[in-house]
There are 2 protein chains.
Amino acid sequence: MVATTEECARELLEVVPLIMRDIRNQMRSQRTPDLTVPQFRTILFVDRNTGASLSDVAEHIGIALPSASKLVDDLIKNDLMSREEDPTDRRRVSLAITHRGRTILEASRKGTLTYLSEKLGGTSPSDREAIVKAMRAIRSAFQKQKNDT
Amino acid sequence: MVATTEECARELLEVVPLIMRDIRNQMRSQRTPDLTVPQFRTILFVDRNTGASLSDVAEHIGIALPSASKLVDDLIKNDLMSREEDPTDRRRVSLAITHRGRTILEASRKGTLTYLSEKLGGTSPSDREAIVKAMRAIRSAFQKQKNDT
DNA sequence: TTTAATTAGTTAGCTTATCTAACCATTAGA
DNA sequence: TCTAATGGTTAGATAAGCTAACTAATTAAA
C-alpha cells in the first residue's frame, strides 16, 4: 500500500467530522455532566496549566481571544474556573480550575472515554495499534506547523 | 504494544478536536471559498445523492431535522442547492446541488485537501499507512452502531 | 370512507461558539 | 514622559445546534 498524503487527507476530511460529531453528541447527552467540547478542552488545558492566561488558552485551543474570553466567562459563572489578576502584570489574567471544575472534568472525561471505548469494541488489536500510531503522527504533524503564516 | 480501546479513546479525544479545529479554520480562511464544515458536508452529501430528502441529510450528517432545514435554507439562499417538491410524495423535498454549488464544493474540497496534505508532509509512509488504516477502522466502528438506543 | 395516526418539513425561540472591530488598561520603550 | 505594544473585554454579527409546537400530506384503521 502506498498511502500518499493526499489519500490520508481525504480520509481525514471524511472521518474526522464523523467522530467529532459523535463526541459532541455524547458530551451533550445526559450520560455525562454538561460540558461542551470547547468547554471541556478549556478546562482540561487550565487543569494542566494552572495560572495560564487567556491568551494561552486562546492559543492552545485555537480560538480568538474574544472567544476565549467569553468561553471562560461562562465557565466562571458556572463555578468551574476562577480568574485572578496576575500580580506581576495587571493586564494578565491567571486562570485556575475550581474543585467543582475538576470533579466535573473528571466525570465528563470518564464518561466520554467509556463511550468511545465501547464504540471501539469491535476493532482488532492491529486496528487499535494503527489508531494510536496515527493519532500520534497527526498530533505531531499538526502541532509542529502551528505558527506558519 | 497492546493498545486497549481505552488508550485509543484517550488519543482520539485529544487529537480529533485538534484536527477538526484545523479543518474548520482552514475552511473559514480566505484560501478557500466560504463554506463551513456542515455546509461542506451537506453539499457533498447531496452531490453524491441527488434527490435526497431533508431527512436523509439530517440522518447522514447527524443533526436534527430542524437544523438540517435551516442549514439547507441558507445554502439555497446562496444558490448552492435547490429544493423541489417530490412529485410522488408531496411532503418530501428533493434536494439537488446547483452548478455554482458544485463549483464551490470542488474548490473548497481541493483547497482543504491541499492544506491537509501539506500538513501531513512530514509523515513517514508507515505513519500514513497507519492513518489510512485507522480512519477506515474508525469509520466502520462509528457507522456500525448508529441506531443503538 | 371518514377519522386517526404517522411522517416530512417548517417556524419560533433558545444556547453556544465563533468571528471582527472598537475599546480600555497596563506595561515597555524611545 | 509620551507612544507602542500587549492583554482583555464589550458589542454586534453569523452559524450550528437543540426542543417544542405547528402544518400539510400520506397511510392505516374503524
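Just so it is clear, the values below take in all heavy atoms, side chains as well, and ignore hydrogens, waters and symmetry mates. Keep in mind the model is a prediction, meaning the values are calculated, not measured.
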Sorted by number, residues from residues 68-95 of chain A placing a heavy atom under 4.0 Å from DNA chain C are A:Lys70, A:Leu71, A:Asp89, A:Arg90, A:Arg91

Residues passing the side chain to side chain contact (heavy atoms under 4.5 Å, CB included) test with B:Pro66, sequence neighbours excluded, are B:Ala64

Specify the separation, in whole Å, of atom [atom1] of [X] and atom [atom2] of [N].
X       : N      : atom1 : atom2 : answer
B:Ile63 : D:dT19 : CD1   : P     : 12 Å
A:Leu54 : D:dT10 : CG    : P     : 11 Å
B:Arg24 : D:dA16 : CZ    : C1'   : 10 Å

Under a 4.0 Å heavy-atom criterion, DNA chain C is touched by chain B from C:dT7 to C:dT18

### Message
Between B:Arg83 and B:Asp73, does any NZ, NE, NH1 or NH2 come within less than 4.0 Å of an OD or OE carboxylate oxygen?
### Response
yes

- request: Kindly check if the number of other-residue, nucleotide or ligand heavy atoms within 6.0 Å of CD (B:Glu6) is above 12?
  value: yes

Pairing partner of C:dT27, by Watson-Crick or G-U wobble and under 3.5 Å for both distances, is none

Applying the 3.5 Å cut-off to both distances, the Watson-Crick or G-U partner of D:dA4 turns out to be none

Once you apply a heavy-atom cut-off of 4.0 Å, does B:Leu65 come out as touching a base, just sugar-phosphate, or nothing?
base

Remember a base hit wins even if backbone is also touched, and classify A:Ser55 as base, sugar-phosphate or nothing at under 4.0 Å, heavy atoms. sugar-phosphate

